[in-house]
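Letters A, B, ... are given to chains in the order of the sequence lines, protein chains preceding strands, and every chain is numbered from 1.
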Protein chains: 2
Amino acid sequence: MTSANEILDERNKQILCAVIQCHINTPVPVGSRVITKKYSFGLSSATIRNIMADLEEMGFLRQPHTSAGRVPTDSGYRFYVNTLKGKKNQTNKAQLIELHEKLDRLKKDINTLPDETSRMLSAASNYIGITMSPHDRIITLSKIELHKFRKNRLAVVLITDEGIIKHKVVTIDAGTSQKDLNRIADYINSEYSGTHVEDIRKSIAKELAKDKMRYDKLISQAVKICKSIFSTSPDDVFISGLSGVLGLPDFCDIDKIRELLKTIEDKELIVRLLDLISASEGTQVFIGSENPLAEMKKFSLIVSTFKEGANPVGAIGIIGPTRMNYEKTISIVDMTAQFITNMLSER
Amino acid sequence: MTSANEILDERNKQILCAVIQCHINTPVPVGSRVITKKYSFGLSSATIRNIMADLEEMGFLRQPHTSAGRVPTDSGYRFYVNTLKGKKNQTNKAQLIELHEKLDRLKKDINTLPDETSRMLSAASNYIGITMSPHDRIITLSKIELHKFRKNRLAVVLITDEGIIKHKVVTIDAGTSQKDLNRIADYINSEYSGTHVEDIRKSIAKELAKDKMRYDKLISQAVKICKSIFSTSPDDVFISGLSGVLGLPDFCDIDKIRELLKTIEDKELIVRLLDLISASEGTQVFIGSENPLAEMKKFSLIVSTFKEGANPVGAIGIIGPTRMNYEKTISIVDMTAQFITNMLSER
DNA sequence: GTTAGCACTCGTCATGGTAGAGTGCTAATA
DNA sequence: TATTAGCACTCTACCATGACGAGTGCTAAC
């Protein structure tokens with residue numbers, strides 16, 4: 001917040017950051033004495049106490065109970081994260097190299113990439129890694145294939161310019177022959193190849209709205225097929241690192257765990273979340289109550305998008321406790337997104 | 001175990017079952033008094049106590065500590081489950097109908113069926129539902145399609161007689177044209193259509209072992225492609241109901257939860273498990289230490305397979321605490337497997 | 001073979017007392 | 001005027017204690 005920058009003088013800012021760093025390292029409320037010991041502000045614990053009382057009044061810290069140390073509030077963390085943005089990324093070089101190596105090992109197949117990436121994210125951060133495959137809005141049809149089997153089943157396979165493959169089984173009129181289907185496929189391919197899938201859907205909807213009778217039976221079948229395959233599905237969300245996060249002292253409460261699991265299990269929710277987020281550019285940080293999802297207001301979320309050329313083709317992110325190592329985690333998410341973007345452009 | 005049937009007389013069996021039923025209903029050790037109150041064996045608590053001491057000696061019950069009631073051991077549950085097998089399924093009629101309705105709502109698409117089913121299983125049982133799509137061993141190639149994009153990328157799409165679609169992206173020689181690929185696809189389709197995928201893999205391996213030079217470049221490409229797409233992947237495992245299970249008093253221990261999550265997160269493990277299991281017929285019950293997976297020896301597992309004609313095309317199961325409502329859960333798994341088998345044969 | 005009765009064991013819960021960490025306030029200091 | 005030393009106060013965590021209740025095992029009587 002700029003407001004925080006206005007209210008706080010340099011010294012108070014430094015002490016606030018010190019408190020937060022302390023608390024990120026050790027999951028207990030931090031008292032005035034530890035600050036004087038660990039940092040050399042040249043101030044006594046009494047002075048630190050006064051300042052911490054001020055910071056509490058301003059809403060950056062709070063006391064779990066009287067005569068305990070202080071813990072940061074969401075706005076405290078927010079201030080801290082904002083100061084991080086300003087300064088150059090300080091993440092450990094060795095760690096950086098390790099991350100790069102891990103990323104390099106990811107196969108260059110965009111279809112397995114999300115799963116691998118979410119694993120990698122959780123391993124690197126010790127929090128929960130999530131990835132989402134591209135939204136239809138930004139993927140481009142390369143080819144559609146239709147293959148009939150059984151008497152009235154149709155396998156529809158969609159391949160995009162980005163190398164993404166989607167498939168679906170739909171039911172069709174038993175009368176439709178494979179020859180008809182080939183004609184339909186040819187029609188769609190010639191008409192829509194190179195078009196964004198989202199635009200195809202819109203176009204199809206428009207055609208549907210017009211007088212249906214104007215089209216012959218085949219086209220109406222084609223429209224039906226397209227309509228069903230071009231709908232979004234939450235199958236493309238990958239989440240990992242659940243078991244690891246339970247080791248953190250922040251997750252000692254079983255109800256909190258349940259809440260988290262419930263949110264994460266509902267992939268529709270995560271789709272909505274990442275969808276919402278991929279509208280913006282760059283790496284974003286949501287701290288506790290800032291979280292767009294009500295179910296996640298006790299956790300923090302760091303997300304970014306990766307791109308193919310100018311189009312964002314997917315989102316990645318990390319979910320963790322609000323008491324999170326923001327510096328490290330932000331750089332992991334940021335670097336991963338950039339790395340994947342580069343990787344995709346190299347192909 | 002038949003050994004139990006030999007050792008135990010009718011009365012002892014009944015009391016053992018009574019203790020187990022009590023404990024399934026309320027998650028506390030059961031004492032001799034509650035047995036006399038809830039059941040009318042016409043025996044005093046003292047007699048029940050003596051019998052319970054006998055049952056403990058025989059390994060069917062155990063005391064968490066002196067002067068606590070008894071809880072069943074794994075062999076206790078095993079005995080109980082065996083008695084269930086004998087008698088006619090007593091599950092609540094209303095529940096049965098509800099289950100049927102839920103199952104009916106599942107779409108008849110074998111590609112979305114596993115996910116939907118696992119959800120349904122967990123909702124019906126309040127435990128964890130898992131499903132696995134068919135193993136290659138038992139699925140039959142209907143058609144393979146090859147589609148080139150970018151300069152050296154190939155989308156391989158596999159459609160089986162069962163209606164299952166699999167896809168993969170592989171890297172190929174940039175020199176291979178779409179025309180060549182069509183020829184390869186034609187070759188595979190003519191040569192292997194109607195063959196079990198597992199057999200195709202074996203055949204391919206054999207051809208590879210022979211002098212490679214005997215085949216022209218195209219065939220060797222084809223072999224390479226087949227080899228890569230016909231490998232198993234753990235993407236076909238669906239798990240749900242995690243958050244629900246945390247409400248159970250059996251999961252009050254955070255370490256136990258972590259153990260469970262770790263097992264479940266590693267889908268390779270689950271693949272191995274269900275693979276192992278689908279070798280046998282019918283509904284199988286694994287109680288605690290009976291579990292084939294070391295990581296799951298604190299939980300119980302009930303599994304079954306569903307079939308397409310004579311071939312099992314997938315496995316379903318439920319994971320829960322050893323203190324599980326076996327009667328209900330077994331019937332849920334059993335019925336679901338049968339229902340899906342019927343559904344598939346109707347198509 | 002069954003049962004009543006009794007002594008015994010153990011976990012749970014409420015109580016109280018102590019130690020330690022950390023605060024807020026006040027008065028003294030630079 | 002800002003800082004600090006000192007002190008009283010508060011609250012938690014921890015431990016020991018004791019009462020209570022649930023449940024057992026054993027014995028003697030039926």
Legend entry - Selection residues 242-259 of chain B - residue pairs positive for side-chain hydrogen bond (donor to acceptor under 3.5 Å, both in side chains), sequence neighbours left out: A:Glu265-B:Ser243, B:Asp250-B:Arg323
Legend entry - Rounded interatomic separation in angstrom, taking CG from A:Asp54 and C1' from D:dT3: 14 Å
Inset, instruction - Write down the distance between CG (B:Leu43) and P (C:dG1), rounded to a whole number of angstrom. - result: 13 Å
Legend entry - Helical bend (five base pairs per end, nearest 10°) for the helix from C:dG1-D:dC30 to C:dA30-D:dT1: 20°
Inset, instruction - Take nucleotides 17-30 of chain C nucleotide by nucleotide from the 5' end and write B, S or -, depending on whether a protein heavy atom sits under 4.0 Å from the base, only from the sugar-phosphate, or from neither. - result: ----BBBB------
Inset, instruction - State the CD1-CG distance between B:Ile287 and B:Leu301, to the nearest 0.5 angstrom. - result: 10.5 Å
Inset, instruction - Please name all residues satisfying ring-ring contact (aromatic ring centres under 6.0 Å, His included) with B:Phe286, sequence neighbours left out, ordered by chain then number. - result: none
Inset, instruction - Report the residue (B:Thr47 or B:His65) whose heavy-atom-nearest nucleotide on DNA chain C is the more 5′ of the two. - result: B:Thr47
Legend entry - Test salt bridge (Lys or Arg N to Asp or Glu O under 4.0 Å) applied to A:Glu56 - qualifying residues, sequence neighbours left out: A:Arg70
Under 3.5 Å, which donor-acceptor pairs link side chains of residues 38-46 of chain A to any protein atom two or more places apart or in another chain?
from, atom 1, to, atom 2, distance (Å)
A:Tyr39, OH, A:Gln21, OE1, 3.4
A:Ser44, OG, A:Ala46, N, 3.3
A:Ser44, OG, A:Thr47, N, 3.4
A:Ser44, OG, A:Thr47, OG1, 3.4

Inset, instruction - Would you please classify the geometry between the B:Tyr80 ring and the B:Tyr326 ring as parallel, tilted or perpendicular, with 30° and 60° separating the classes? - result: perpendicular
Inset, instruction - May I ask you to say whether B:Glu290 pairs ionically with B:Arg78, meaning some side-chain N is under 4.0 Å from a carboxylate O? - result: yes
Inset, instruction - May I have the distance from B:His23 (atom NE2) to D:dG23 (atom C1'), rounded to whole angstrom? - result: 15 Å
Inset, instruction - Give the intermediate values and the outcome of side chain to side chain contact (heavy atoms under 4.5 Å, CB included) for residues A:Val303 and A:Val333. - result: CA-CA 7 Å; A:Val303 282; A:Val333 171; 5.7 Å; no
